[in-house]
Amino acid sequence: MTQILNTFPSLLTYVLVAPLILRLVLGGIFFSAGYLKIFKHRERSIEMFQSAGFPKPVSFMWTIALLELLGGFFLIIGMWTQVSALIIALISVGGLIIKMRHPGILHQTFDFYWFAIAIAISLMFSGAGFFSIDLPL
């Protein structure tokens, strides 16, 4: 049986750096999205939810914006990482569905939603990585 070696085996010592990078990037993106929905683009966000056919667009905008803001914040600090990643994955699946049904409403691409889902699921399995509150012992 032939054994295949890793190209850079010394980097495997830092395996917890990858979840840290993914967590900071995804958390930053969703924290920013929630912040913008609440403080900069509130009316535009409400119109988007209204155009997508949601029955209570104002309530729905606030719910999604707060989940994005809190989920992103918790990912950044590495607290409740798996729960936050699950919430962000579900929000991303919702965004993907809206994008499929109403292609012109959201400005993000299909790729964005697939990447966000993949990163969130990855964080659910890998955990928070370095520099987190919920680093497993």
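Bear in mind the structure is a predicted one, so any value in this text is a computation, not a measurement. Heavy-atom basis, side chains included; hydrogens, waters and symmetry copies ignored.
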* Asked: Taking only residues two or more places apart in sequence, or in another chain, which ones meet Phe30 in a ring pair (Phe, Tyr, Trp, His ring centres under 6.0 Å)?
  -> none
* Structure fact -> Closest non-hydrogen contact found for Asp134 with Thr81 is OD2-N, 3.0 Å
* To do: Check the surroundings of atom CZ in Phe112: do more than 12 heavy atoms from other residues, nucleotides or ligands lie under 6.0 Å from it?
  => yes
* To do: Would you check if the side chain of Ser92 reaches a backbone N or O of Ile88 as a donor-acceptor pair within less than 3.5 Å?
  => yes
* About how many Å separate CD1 of Ile98 and OH of Tyr113, when rounded to the nearest 0.5 Å? -> 7.0 Å
* Structure fact -> Distance col, row Phe49:CZ vs Phe60:CZ, nearest 0.5 angstrom, shows 5.5 Å
Could you list the donor-acceptor pairs under 3.5 angstrom formed between side-chain atoms of residues 4-19 and any protein atom two or more places apart in sequence or on another chain?
unit_1, atom_1, unit_2, atom_2, d
Thr13, OG1, Ser10, O, 3.1

* Asked: Any idea which heavy atoms bring Ala120 and Ala89 closest together, and the distance?
  -> CB-CB, 3.7 Å
* Taking the side chain as C-beta and beyond, is there a heavy-atom pair between Leu75 and Leu22 under 4.5 Å? -> no
* **Co-membership, hydrophobic cluster, residues Leu69 and Ile133, 4.5 Å side-chain** => yes
* Asked: Would Leu24 and Ile121 show up in the same hydrophobic cluster when neighbours are defined by side-chain heavy atoms closer than 4.5 Å?
  -> yes
* Asked: Hey, any chance Phe39 and Ile76 share a hydrophobic cluster, counting ILVMFWY side chains that come within less than 4.5 Å of each other, even indirectly?
  -> yes
* Asked: Once you round to the nearest 0.5 Å, how far does CD1 of Ile91 lie from CG of Leu67?
  -> 5.0 Å
* To do: Would you name the heavy atoms of Ile105 and Met48 that are closest together and state the gap between them?
  => CG2-CG, 2.8 Å
* Interatomic spacing from CD1 in Ile64 to CD1 in Ile87 - rounded to 0.5 Å -> 10.0 Å
* To do: Search all heavy atoms of Pro55 against all heavy atoms of Pro57 and return the closest pair with its distance.
  => O-CD, 3.4 Å
* Name all pairs fulfilling the salt bridge (charged side-chain N to carboxylate O under 4.0 Å, His left out) condition that reach into residues 74-98, sequence neighbours left out, sorted by first residue then second. => none
* Structure fact -> For Ile38 and Ala65 the tightest heavy-atom approach is CG1-CB, 3.6 Å
* When hydrophobic residues are tied together by side-chain contacts of less than 4.5 Å, even through go-betweens, does Trp80 share a cluster with Leu20? -> yes
* Would you find a donor on one side and an acceptor on the other, under 3.5 Å apart, between the side chain of Ser32 and the backbone of Gly28? -> no
* Any link between Phe115 and Phe110 through a network of hydrophobic side chains (Ile, Leu, Val, Met, Phe, Trp, Tyr) touching at under 4.5 Å? -> no
* **salt bridge (charged side-chain N to carboxylate O under 4.0 Å, His left out) contacts touching residues 102-118 (sequence neighbours left out)** => none
* Structure fact -> Nearest heavy-atom approach of Ala85 to Leu123 is CB-CB, 4.0 Å
* Who are the salt bridge (Lys or Arg N to Asp or Glu O under 4.0 Å) partners of Lys37, not counting sequence neighbours? -> Glu68
* To do: Sorted by first residue and then second, give each salt bridge (charged side-chain N to carboxylate O under 4.0 Å, His left out) pair with at least one member in residues 5-18; sequence neighbours left out.
  => none
* Structure fact -> Between the NE2 atom in His107 and the NZ atom in Lys99, the distance rounded to the nearest 0.5 Å is 9.0 Å
* Structure fact -> Separation between CZ (Arg23) and CZ (Phe74), nearest 0.5 Å, reads 13.0 Å
